[in-house]
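These notes are about the structure you will find just below.
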Amino acid sequence: MSSVSFSPDGEILAIAQRHEIKLLTKDGQPLTTFAAHSQRVNNVSFSPDGETLISAGEDGLIKLWDTNGQELSSSVGATDR
């Protein structure tokens with residue numbers, strides 16, 4: 001596991017694991033799992049309104065997602081390579 005983030009209302013948990021993001025209820029019930037990056041996801045976090053997730057991966061990309069796993073945008077992040 002690379003990163004864990006609770007939604008602002010505390011109802012949803014986002015877990016970055018390998019190249020996927022898993023969304024669970026606060027009770028641990030699965031909501032959705034989606035392939036987020038071509039390489040390991042290093043970080044995932046909710047927006048302040050809880051409607052959007054941001055992820056950063058070892059593939060050098062930063063992505064925005066809705067909570068259904070639909071990619072909203074993608075951009076190249078800073079790399080040290």
Side-chain angles (χ1 to χ4, degrees):
M1 184 172 10
S2 300
S3 177
V4 176
S5 178
F6 272 100
S7 61
D9 64 5
E11 295 296 316
I12 300 174
L13 176 65
I15 301 172
Q17 191 172 29
R18 295 181 301 275
H19 67 281
E20 297 177 329
I21 295 174
K22 296 181 179 191
L23 299 181
L24 308 160
T25 66
K26 67 180 178 183
D27 299 322
Q29 297 300 313
L31 294 172
T32 189
T33 298
F34 54 95
H37 291 265
S38 62
Q39 296 178 27
R40 187 177 133 188
V41 181
N42 291 329
N43 200 341
V44 63
S45 186
F46 280 92
S47 64
D49 66 5
E51 298 295 319
T52 308
L53 292 161
I54 186 168
S55 65
E58 287 186 4
D59 56 6
L61 297 175
I62 297 170
K63 296 185 177 189
L64 292 177
W65 307 90
D66 69 16
T67 54
N68 294 315
Q70 179 70 38
E71 186 177 327
L72 302 173
S73 68
S74 178
S75 63
V76 176
T79 63
D80 60 353
R81 299 179 196 180

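Computation of the quantities below employed the complete heavy-atom set of this structure, encompassing side-chain atoms and omitting hydrogens, waters and symmetry-equivalent molecules. Owing to the predicted nature of the structure, the values given are computational and were not obtained by experimental measurement.
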Quick one: does any side-chain atom of S3 pair with a main-chain N or O of V44 as donor and acceptor, under 3.5 Å? yes
Using the salt bridge (Lys or Arg N to Asp or Glu O under 4.0 Å) rule, collect all pairs that involve residues 26-36, keeping only residues at least two apart or in two chains. E11-K26
Nearest heavy-atom pair of P48 and P8: which atoms, and what distance? O-CG, 3.1 Å
Between CG of L24 and CD1 of I12, what distance do you get to the nearest 0.5 Å? 10.0 Å
Set of side-chain contact (heavy atoms from CB on, under 4.5 Å) partners for L64, sequence neighbours left out: T52, I54, L72, S73
Looking only at non-hydrogen atoms, find the nearest pair between N68 and T32 and report the distance. O-OG1, 4.2 Å
If I compare all heavy atoms of N42 with all of G57, which pair ends up nearest, and what's the gap? ND2-C, 3.8 Å
Any pair with a residue in residues 3-31 that passes ring pair (Phe, Tyr, Trp, His ring centres under 6.0 Å), sequence neighbours left out, goes on the list, sorted by first then second residue, please. none
Tell me, do L61 and H37 make a side-chain contact under 4.5 Å, heavy atoms counted? yes
Those residues at least two apart in sequence (or on a different chain) that pass side-chain hydrogen bond (donor to acceptor under 3.5 Å, both in side chains) with S7 are D9
Could you grab the distance from atom CD of E51 to atom CG of D66, nearest 0.5 Å is fine? 9.0 Å
So do the side chains of I21 and T33 get within less than 4.5 Å of each other, counting heavy atoms only? no
Using the test ring-ring contact (aromatic ring centres under 6.0 Å, His included), find all partners of F34 that sit at least two apart in sequence or belong to another chain. W65
Nearest atoms (heavy-atom pairs only) where A16 meets V41: CB-CG1, 3.5 Å
Tell me, please, which residues at least two apart from K22 pass salt bridge (charged side-chain N to carboxylate O under 4.0 Å, His left out). none
Would a hydrophobic clustering, with Ile, Leu, Val, Met, Phe, Trp and Tyr connected at side-chain separations under 4.5 Å, put F46 with L31? yes
To the nearest 0.5 Å, tell me how far L23 CG sits from L13 CG. 8.5 Å
